[in-house]
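We name chains A, B, ... by the order of the sequence lines, and we start the count at 1 in each one.
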Amino acid sequence: MNSITPRVRFAPSPTGYLHIGGLRTALYNFLFAKNKNGKLILRIEDTDRKRFVEGAVENLNDTLNWAGITFDEGPDIGGESGPYLQSERLQIYKELVEKLVAEQKAYYCFCTPERLEQLREEQQKLKLPQAKYDKHCLSLSKSEIDEKLNSNIPFVIRLNVKPDQKVFFNDVIRETVEFDTNNIDDQVLLKSDGFPTYHLANVVDDHLMEITDVIRGEEWLSSTPKHVILYDYFGWDKPGFAHLPLLLNPDKSKLSKRQGDVAVEDYREKGYLKEALINFVALLGWNFGDDKEFYEMDELIEKFSLERVHKAGAVFNLEKLNWLNYEHLRKKPDAEVLKMLRTEISKSEFSSNIYSDEYLIKIIGAMKERVSFVKDYLTKSPYFFQAPESYEEQNLKKRWLEDSAELLNKLKERFEALVNPSKEDFEKALEEIAGQLNIIKGKFVHPLRIAVSGVGEGPGVYDILSVLGKEETISRINSALKKLS
RNA sequence: GGCGCGUUCGUCUAGUGGCUUAGGACGCCGCCCUCUCAAGGCGGAGAUCGCGGGUUCGAAUCCCGCACGCGCUACCA
């Protein structure tokens with residue numbers, strides 16, 4: 001629209017963990033800001049004291065940081081528009097809302113929760129089209145208000161919505177959205193505990209922090225007219241709006257616990273790479289218009305635009321995430337996988353064993369195309385970390401034949417003669433003996449695989465052998481011969 | 001109930017009036033490769049574009065109605 005530097009914000013409330021939907025909202029804000037050379041602000045919406053969770057802010061920071069979403073301003077970083085914790089901005093909200101009261105754009109309300117409850121029940125009984133506050137306290141005289149205020153009767157401040165008007169605003173994703181003010185409640189702006197509600201706080205802060213574009217979840221679309229009224233009452237310019245489609249459960253309801261993991265930290269703990277999660281979540285509701293599905297963060301930044309965000313909600317589908325995790329993992333340099341593998345080992349039953357970098361790198365080379373998660377290295381090929389103690393029953397039945405022990409014994413003798421054998425040396429030795437005895441290779445290969453790994457699947461046998469080396473190979477053949485003869 | 005938003009293969013999506021017998025990806029199935037499992041290559045099943053009306057020579061694409069789903073409807077965000 002103009003040449004002003006875009007300023008956007010991610011404004012979570014500290015109720016525990018970062019929701020996967022929150023991650024996507026944060027990501028879209030981040031991508032939008034980076035793409036336009038703008039600023040991203042982190043603001044903590046801690047205006048609900050009942051829902052505040054200790055340590056939630058730290059957790060939010062930690063998770064966002066892990067995901068690679070960085071902020072230009074925020075509680076920990078500082079900035080010129082602070083404080084970035086709404087609980088530290090109470091005075092600001094109070095002063096501004098009082099200005100609105102002075103102009104009759106908002107008013108004191110002394111109604112008790114009981115009366116409000118009763119009002120709602122009555123309205124329901126009468127089957128009124130919509131339940132709204134009845135503006136009861138709007139008719140209070142100045143002296144009545146002062147008297148109640150002086151005797152410390154609890155109060156809230158409500159937005160004075162004028163009836164019979166149209167409110168409309170433009171949404172980048174949904175275009176023009178229109179509401180009738182008759183359907184808009186006199187929303188509480190300031191609660192009786194002196195804290196603002198979301199509606200007041202977000203408008204005030206977005207204005208004061210010079211936010212140019214509000215990018216948030218679709219659940220906010222219905223309350224946006226209240227915000228628009230507020231901007232008008234204050235006489236402020238409105239930011240641009242973009243309401244993102246919701247992330248959905250398999251049954252299409254709003255993504256929630258009960259139907260799977262919703263916390264980003266759950267996925268982190270399960271071994272998902274941040275690259276995969278970011279890639280996946282970015283594509284849930286956005287695409288560039290071509291067939292590309294594998295993205296790194298910098299490409300997302302380059303190509304992202306709100307105009308290409310979809311309108312409809314998207315089901316969070318684990319299978320595609322798993323595939324992306326596989327794709328990102330296999331593209332990582334071995335040295336990086338090595339680091340991750342080491343931490344995985346340290347958490348495993350093999351933690352007391354010692355493996356050289358060289359050895360682990362060989363395992364990575366052999367297994368890379370067979371794993372989706374780093375932990376798969378341990379679960380799919382435990383034999384690289386410890387000699388097999390038992391042999392898979394099914395496979396044994398099929399592959400361990402009458403003559404297997406004898407053939408394996410002959411093969412072992414061949415191997416013993418080898419000096420520092422490579423993969424090719426092992427292969428040649430096996431082929432030679434098979435040729436000499438005129439027996440097909442499979443008769444050697446399968447029993448050998450069982451002996452050395454205990455299972456019937458995995459990398460090529462010669463690859464396994466070259467990872468294990470001559471000594472270990474022979475020792476494993478020996479114990480297999482002992483146990484299986 | 002009211003208001004709002006949405007609706008293309010099971011899922012994520014391409015598609016903005018003719019290039020579409022609706023394309024890709026994940027998943028699924030089959031074949032090839034092969035010492036196994038993967039990977040890779042090739043192929044297959046899978047969408048009457050929610051439904052019904054219009055507009056137009058022509059509609060997934062434009063308009064209207066309906067249905068369904070979801071969101072909001074708090075002194076929660």
What contact category does A:Val156 fall into here, base, sugar-phosphate, or nothing, at under 4.0 angstrom with non-hydrogen atoms?
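Base contact - A:Val156 has a heavy atom under 4.0 Å of at least one base atom.
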Looking only at side chains, do A:Gln86 and A:Asp205 share a donor and an acceptor under 3.5 Å apart?
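There is such a pair (donor and acceptor under 3.5 Å, judged by atom type) between the side chains of A:Gln86 and A:Asp205.
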Between B:U61 and B:G54, how far is it from one C1' atom to the other, in whole Å?
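One C1' to the other, the span is 15 Å.
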In the strands shown, is B:G18 matched to any nucleotide by a Watson-Crick or G-U wobble pair with both distances under 3.5 Å, and which?
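Its partner is B:C57 (Watson-Crick or G-U wobble, both distances under 3.5 Å).
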Rounding to an integer number of angstrom, what distance separates B:U8 and B:A14 when you compare their P atoms?
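Nearest-Å result for B:U8 against B:A14 at atom P: 10 Å.
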Protein-nucleotide distance (A:Phe288, atom CZ; B:G23, atom P), rounded to Å:
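For the pair A:Phe288 CZ and B:G23 P, the rounded distance is 23 Å.
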Quantified in whole Å, what is the C1' atom distance between nucleotide B:U55 and nucleotide B:C9?
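Pairwise C1' distance, B:U55 against B:C9, rounds to 29 Å.
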Please tell me if A:Lys441 has a side-chain N or O lying less than 4.0 Å from either OP1 or OP2 of B:C35.
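Indeed, a polar side-chain atom of A:Lys441 lies that close.
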When we call it a touch if two heavy atoms are under 4.0 Å apart, what does A:Lys50 touch: a base, just sugar-phosphate, or nothing?
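Sugar-phosphate only.
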Could you tell me how far apart A:Arg216 (CZ) and B:C72 (P) are, to the nearest whole angstrom?
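It is 13 Å, rounded to the nearest whole Å.
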Determine, step by step, whether A:Asn249 and A:Ser256 satisfy the side chain to side chain donor-acceptor pair (under 3.5 Å) criterion, reporting the C-alpha distance in whole Å, the side-chain angles of both residues, the deciding distance to 0.1 Å, and the verdict.
CA-CA 7 Å; A:Asn249 289 313; A:Ser256 64; 3.2 Å; yes
Starting from P on B:C12, measure out to CZ on A:Arg24 and report it in whole angstrom.
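One finds 12 Å between P of B:C12 and CZ of A:Arg24, rounded.
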Assigned partner base of B:C72, Watson-Crick or wobble definition, under 3.5 Å:
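Base-paired to B:G2.
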When you check the phosphate oxygens OP1 and OP2 of B:A77, does a side-chain N or O of A:Thr15 lie under 4.0 Å from one of them?
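Indeed not, no polar side-chain atom of A:Thr15 lies that close.
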Check the interface with nucleotides 1-6 of chain B: list each N/O to N/O pair with the protein under 3.5 Å, or write none.
from	atom 1	to	atom 2	distance (Å)
B:G1	N2	A:Pro129	O	3.4
B:G2	O4'	A:Pro129	O	2.7
B:G2	O2'	A:Gln130	OE1	3.2
B:C5	O2'	A:Arg174	NH1	2.8
B:C5	O2'	A:Glu218	OE2	3.2

Judged by modelled atom types alone, do A:Glu432 and A:Gln436 share a side-chain donor-acceptor pair under 3.5 Å?
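No.
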At 4.0 Å (heavy atoms only), tell me whether A:Ser192 reaches a base, stays on the sugar-phosphate, or touches nothing.
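The answer is base, as A:Ser192 lies within the cut-off (heavy atoms under 4.0 Å) of a base atom.
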Atom-pair distance (NZ on A:Lys94; P on B:C75), nearest Å:
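For the pair A:Lys94 NZ and B:C75 P, the rounded distance is 21 Å.
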Between B:A14 and A:His310, is there an OP1 or OP2 to side-chain N/O distance shorter than 4.0 Å?
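Checking A:His310 against B:A14: at least one side-chain N or O falls below 4.0 Å of OP1 or OP2.
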With rounding to whole Å, what would you report as the distance between B:G27 and B:A39 at their P atoms?
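So the two P atoms sit 8 Å from each other.
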Rounded distance (Å) that lies between atom P of B:C35 and atom CG of A:Leu408:
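Going from A:Leu408 (CG) to B:C35 (P), I get 18 Å.
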Quick check: do A:Tyr391 and A:Pro388 have side-chain heavy atoms less than 4.5 Å from each other?
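A:Tyr391 vs A:Pro388: side chains touch.
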If you assign A:Phe155 and A:Glu293 each to the RNA chain B nucleotide with the nearest heavy atom, which residue ends up on the more 5' nucleotide?
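Here A:Glu293 is the residue nearer the 5' end.
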Has the side chain of A:Lys320 got a donor or acceptor that lies under 3.5 Å from a partner of the other kind on the base of B:C12?
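Present.
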Testing the 3.5 Å rule here: is there a donor-acceptor pair between the side chains of A:Asn322 and A:Ser372?
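The answer is no; no qualifying pair exists.
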One character per nucleotide, please: for nucleotides 36-47 of chain B, 5' to 3', B when the base has a protein heavy atom closer than 4.0 Å, S when only the sugar-phosphate does, - otherwise.
BBBSS-------
Donor-acceptor contacts under 3.5 Å from residues 112-122 of chain A side chains, at least two apart:
from	atom 1	to	atom 2	distance (Å)
A:Thr112	OG1	A:Arg115	N	3.1
A:Arg115	NH2	A:Asp134	OD1	2.7
A:Arg115	NH2	A:Asp134	OD2	2.8

Output the rounded distance in Å from CG (A:Leu284) to C1' (B:C26).
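Result: 12 Å.
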What distance, rounded to whole Å, do you find between the two P atoms, one in B:G43 and one in B:C51?
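The answer is 31 Å between these two P atoms.
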For the residue pair A:Lys132 and A:Asn182, confirm or rule out a side-chain donor-acceptor distance under 3.5 Å.
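The answer is no; no qualifying pair exists.
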Quantified in whole Å, what is the P atom distance between nucleotide B:C68 and nucleotide B:C28?
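35 Å, rounded to whole Å.
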Which is it for A:His243 and A:Arg174 under the side chain to side chain donor-acceptor pair (under 3.5 Å) test, yes or no, and what are the steps along the way?
CA-CA 8 Å; A:His243 288 93; A:Arg174 283 151 225 287; 5.7 Å; no
Integer angstrom distance from the C1' of B:C35 to that of B:G44
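Going atom to atom, C1' in each nucleotide, I get 29 Å.
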Considering every strand shown, what is the Watson-Crick or G-U wobble mate of B:A45 when both distances are under 3.5 Å?
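Partner of B:A45: none found under 3.5 Å.
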Roughly how far apart, to the nearest Å, are B:C62 and B:G18 at atom P?
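Each nucleotide's P atom is 12 Å from the other's.
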Given atom CD1 of A:Ile157 and atom P of B:C75, what is their separation to the nearest angstrom?
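Computing the A:Ile157:CD1 to B:C75:P distance gives 14 Å.
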Mind calculating the distance between CZ (A:Phe294) and C1' (B:U13) to the nearest angstrom?
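That distance rounds to 19 Å.
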Which nucleotide in the set B:G27, B:A14, B:C75 lies at the smallest distance from any side-chain heavy atom of A:Arg308?
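Nearest nucleotide to the side chain: B:A14.
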Would you classify A:Thr224 as touching base, sugar-phosphate or nothing, given that sugar-phosphate means primed atoms plus P, OP1 and OP2, and contacts are heavy atoms under 4.0 Å?
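A:Thr224: no heavy atom of the nucleic acid under 4.0 Å.
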Any A:Lys252 side-chain nitrogen or oxygen under 4.0 Å from OP1 or OP2 of B:U11
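Yes, because at least one side-chain N or O of A:Lys252 sits under 4.0 Å from OP1 or OP2 of B:U11.
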Is it the case that A:Asp48 and A:Tyr198 place a side-chain donor and acceptor less than 3.5 Å from each other?
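Side-chain D/A pair, A:Asp48 to A:Tyr198: absent.
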How is A:Lys380 classified with respect to the nucleic acid when contacts are heavy atoms under 4.0 Å: base, sugar-phosphate, or nothing?
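No contact.
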Is a donor from one side chain sitting under 3.5 angstrom from an acceptor on the other, for A:Asn287 and A:Arg308?
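There is such a pair between these side chains.
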A:Lys423 with A:Asp463: basic N within carboxylate O range, under 4.0 Å
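A salt bridge links A:Lys423 with A:Asp463.
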Where each residue is assigned the nucleotide of RNA chain B containing its nearest heavy atom, which of A:Arg51 and A:Leu246 is assigned the position nearer the 5′ end?
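The residue closer to the strand's 5' end, by nearest nucleotide, is A:Leu246.
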Option passing ring-ring contact (aromatic ring centres under 6.0 Å, His included) with A:Phe426 (candidates A:Phe415, A:Tyr462, A:Phe444):
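One option only clears the test, and that one is A:Phe415.
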Can you tell me the pairing partner of B:A67 across any strand shown, Watson-Crick or G-U wobble, with both distances under 3.5 angstrom?
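Its partner is B:U7 (Watson-Crick or G-U wobble, both distances under 3.5 Å).
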